[in-house]
Amino acid sequence: MRIALDGTGGDHAPAAMVAGALAAAREYGAEVVLVGPEKALAAELKRQGGSLPIHPAEPTDAGDKAEVRPKRGSAIERGLRLVKEGGAEAFVSAGSTAALLTGAIWTLGRIKGIERPALGTALPTASGRGCLLLDMGANTEAKPENLVQFALMGEAYVRLAYGLQRPRIGLLNVGTEPNKGHELAKTAHAMLTASGLEFTGNVEARDLFAGVADVLVCDGFTGNVVLKALEGTVATIFALLRQELTSGPMAKAAALLLKPRLKALKARFDYAEYGGAPFLGVQGLCIKCHGSSDAKAIKNGIRVAARAAGLPGLIAGSLARAMPDGPS
């Protein structure tokens with residue numbers, strides 16, 4: 001599988017992108033092509049002692065931070081066009097979210113029947129199985145029909161990427177009863193119940209990590225707020241733990257004993273372990289990595305792309321089975 005990687009996006013480009021690409025090629029056998037300024041990427045490859053093909057492009061500039069199509073000739077535009085024209089099967093970027101998502105819709109187009117593509121992210125769960133949350137910000141407003149489509153897309157992704165035959169779908173809400181929430185939630189609950197999916201009902205935010213669903217759907221405003229709140233909460237908890245475990249000789253001794261387990265726990269909440277978030281609903285595979293991604297996160301973002309090969313076709317098939325007469 002050939003994967004195009006934005007060599008200019010993110011806070012640590014190009015060093016982290018080149019290191020991550022080389023590691024993915026070495027560990028996963030991935031065929032990676034770097035997209036960006038040829039001279040700068042070639043120099044970084046030489047510095048790191050590696051070799052990868054380069055597709056020339058301009059750096060993703062500050063103008064791409066606006067919610068408009070990415071600049072023509074930029075790494076994002078060229079990488080997406082590679083996917084569109086068959087030069088790569090997936091595009092991975094840690095660049096501007098707005099530019100990437102808008103560019104993907106304009107360049108790749110929506111899968112037939114999908115009204116609103118959605119951005120998903122993996123959440124850790126107590127069971128270790130994980131849960132895909134979507135939408136996490138591509139659509140600040142949504143209709144009940146959109147949430148059903150998010151569920152169909154998420155179900156297809158989890159089946160392909162994690163090998164689950166019958167993923168459980170949950171609806172993020174303020175209570176577990178079917179009549180809870182605003183009209184969007186109540187109507188979406190009724191539609192998901194009748195969808196034929198393995199719908200387990202409403203899920204409260206306190207159960208996000210409980211593993212009660214494999215796919216959890218909501219509008220993008222809610223999803224983004226939840227994600228940012230979780231990131232802040234986890235960072236605060238580990239900061240407080242660090243303070244407590246370095247507060248005195250006894251605490252420091254305990255910290256030494258606990259260090260391996262604390263590192264393992266922290267890894268379960270580390271975005272670098274999950275690599276990237278799939279942008280579901282476009283006619284091509286697009287993975288968004290965190291803007292602060294290091295080499296490890298980029299490597300795992302490429303792994304996510306490799307796992308999801310064939311996803312657009314699988315989503316189209318799921319939609320056709322769920323809506324044989326076409327979307328309403």
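Every pair passing salt bridge (charged side-chain N to carboxylate O under 4.0 Å, His left out) that includes a residue from residues 18-29 is listed here, sequence neighbours excluded: Glu27-Lys299.
Gln165 contributes atom CD, which lies 8.0 Å from atom CZ of Arg159 (distance to the nearest 0.5 angstrom). Summarising the geometry, atom CE belonging to Met17 is positioned 8.0 Å from atom NE2 belonging to His12; distances are rounded to the nearest 0.5 Å. The line from CG of Leu241 to OG1 of Thr236 is 11.0 Å long, rounded to the nearest 0.5 Å. Between Lys180 atom NZ and Asn202 atom CG the span is 10.0 Å, to the nearest 0.5 Å. Atom NZ of Lys143 is separated from atom OG1 of Thr187 by 12.5 Å, given to the nearest 0.5 angstrom. Atom OG1 of Thr121 is separated from atom NE2 of His290 by 9.0 Å, given to the nearest 0.5 angstrom.
Taking a cutoff of 4.0 Å between a charged side-chain nitrogen and a carboxylate oxygen, Glu204 and Arg206 qualify as a salt bridge.
Between Cys131 and Leu208, every side-chain heavy-atom pair lies at or beyond the 4.5 Å cut-off. Ile105 is listed as a side-chain neighbour of Val282, based on a closest heavy-atom distance under 4.5 Å. Looking at Thr200 and Ile169, their side chains never come closer than 4.5 Å, going by heavy atoms from C-beta outward. In this structure the side chain of Ile54 reaches within 4.5 angstrom of the side chain of Leu45, judged on heavy atoms. Contact annotation: the side chain of Asn146 approaches that of Glu115 to within less than 4.5 Å [non-hydrogen atoms, C-beta and beyond]. Residues Leu101 and Pro117 have side chains not in contact (no heavy-atom distance under 4.5 Å, counting atoms from C-beta outward).
With sequence neighbours excluded, no residue forms a ring-ring contact (aromatic ring centres under 6.0 Å, His included) with Phe238. Under the rule for a side-chain contact (heavy atoms from CB on, under 4.5 Å), Leu256 has no partner lying at least two apart in sequence or in another chain.
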Step-by-step side chain to side chain contact (heavy atoms under 4.5 Å, CB included) determination, Leu192 to Val148 | CA-CA 6 Å; Leu192 286 166; Val148 175; 4.1 Å; yes

Please lay out, stage by stage, how Val215 and Tyr157 fare under the test side chain to side chain contact (heavy atoms under 4.5 Å, CB included).
-> CA-CA 9 Å; Val215 178; Tyr157 176 78; over 6 Å; no

Kindly indicate, with the supporting measurements, whether the criterion side chain to side chain contact (heavy atoms under 4.5 Å, CB included) is fulfilled by Thr107 and Arg81.
-> CA-CA 7 Å; Thr107 303; Arg81 193 153 296 282; 4.1 Å; yes

Step by step, work out the side chain to side chain contact (heavy atoms under 4.5 Å, CB included) result for Cys286 and Leu100.
-> CA-CA 9 Å; Cys286 185; Leu100 180 65; 3.7 Å; yes

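Under a cut-off of 6.0 angstrom, the local environment of NZ in Lys186 is crowded, with over 12 non-hydrogen atoms contributed by other residues, nucleotides or ligands. Within a 6.0 Å radius of CD in Glu198, more than 12 heavy atoms belonging to other residues, nucleotides or ligands are found. Open room surrounds CZ on Phe221; 12 or fewer heavy atoms of other groups in view lie less than 6.0 Å from it.
Among all heavy-atom pairs drawn from Leu319 and Lys112, the shortest one is CD2-O, 3.1 Å. A pairwise comparison of heavy atoms in Gly170 and Ala213 identifies N-CB, 3.8 Å as the closest pair. Between Asp214 and Val158, the closest heavy-atom pair is O-CG2, 4.0 Å. Annotation for Ala4 and Val35: closest pair CB-CG2, 4.0 Å, computed over non-hydrogen atoms. Annotation for Leu152 and Ser318: closest pair CD2-O, 4.2 Å, computed over non-hydrogen atoms. In terms of heavy-atom proximity, Thr8 sits nearest to Gly36 at CG2-CA, 4.0 Å.
Looking at Gln283, its side chain does come within 3.5 Å of a backbone N or O of Arg110 through a donor-acceptor pair. No donor-acceptor pair under 3.5 Å is formed between the side chain of Arg116 and the backbone N or O of Gln149. With hydrogens and angles ignored, the 3.5 Å screen pairs a side-chain donor or acceptor of Asp135 with a backbone N or O of Leu119. Side-chain atoms of Lys288 come within 3.5 Å of backbone atoms of Gly95 as a donor-acceptor pair (strictly under, hydrogens ignored). A donor-acceptor pair under 3.5 Å is formed between the side chain of Glu77 and the backbone N or O of Gly73. In this structure a side-chain-to-backbone donor-acceptor pair under 3.5 Å is missing from Glu89 to Leu285. A distance-only check finds a donor-acceptor pair linking the side chain of Arg78 to the backbone of Pro56 [under 3.5 Å]. A donor-acceptor pair under 3.5 Å links the side-chain atoms of His182 to the main chain of Ala185, judged by distance alone. The backbone N or O of Gly86 sits nowhere less than 3.5 Å from a side-chain atom of Arg2 that would complete a donor-acceptor pair. The closest donor-acceptor contact from the side chain of Asn300 to the backbone of Ala297 lies at 3.5 Å or more, if one exists at all.
Residues Val217 and Leu314 fall within the same hydrophobic cluster, defined by Ile, Leu, Val, Met, Phe, Trp and Tyr side chains chained together at heavy-atom separations under 4.5 Å. Under a hydrophobic-cluster definition in which Ile, Leu, Val, Met, Phe, Trp and Tyr are linked whenever side-chain heavy atoms come within less than 4.5 Å, directly or via other members, Phe91 and Tyr28 are assigned to different clusters. Tracing side-chain contacts under 4.5 Å through hydrophobic residues (I, L, V, M, F, W, Y), one reaches Leu132 starting from Tyr162; they form part of the same cluster. Cluster annotation: Leu164 and Phe199 are assigned to the same hydrophobic cluster (Ile/Leu/Val/Met/Phe/Trp/Tyr, side-chain heavy-atom contacts under 4.5 Å, transitive). Ile298 and Leu22 end up in the same hydrophobic cluster when Ile, Leu, Val, Met, Phe, Trp and Tyr side chains are linked at under 4.5 Å.
No hydrogens or angles considered: a donor-acceptor pair under 3.5 Å links the side chains of Lys228 and Asn224.
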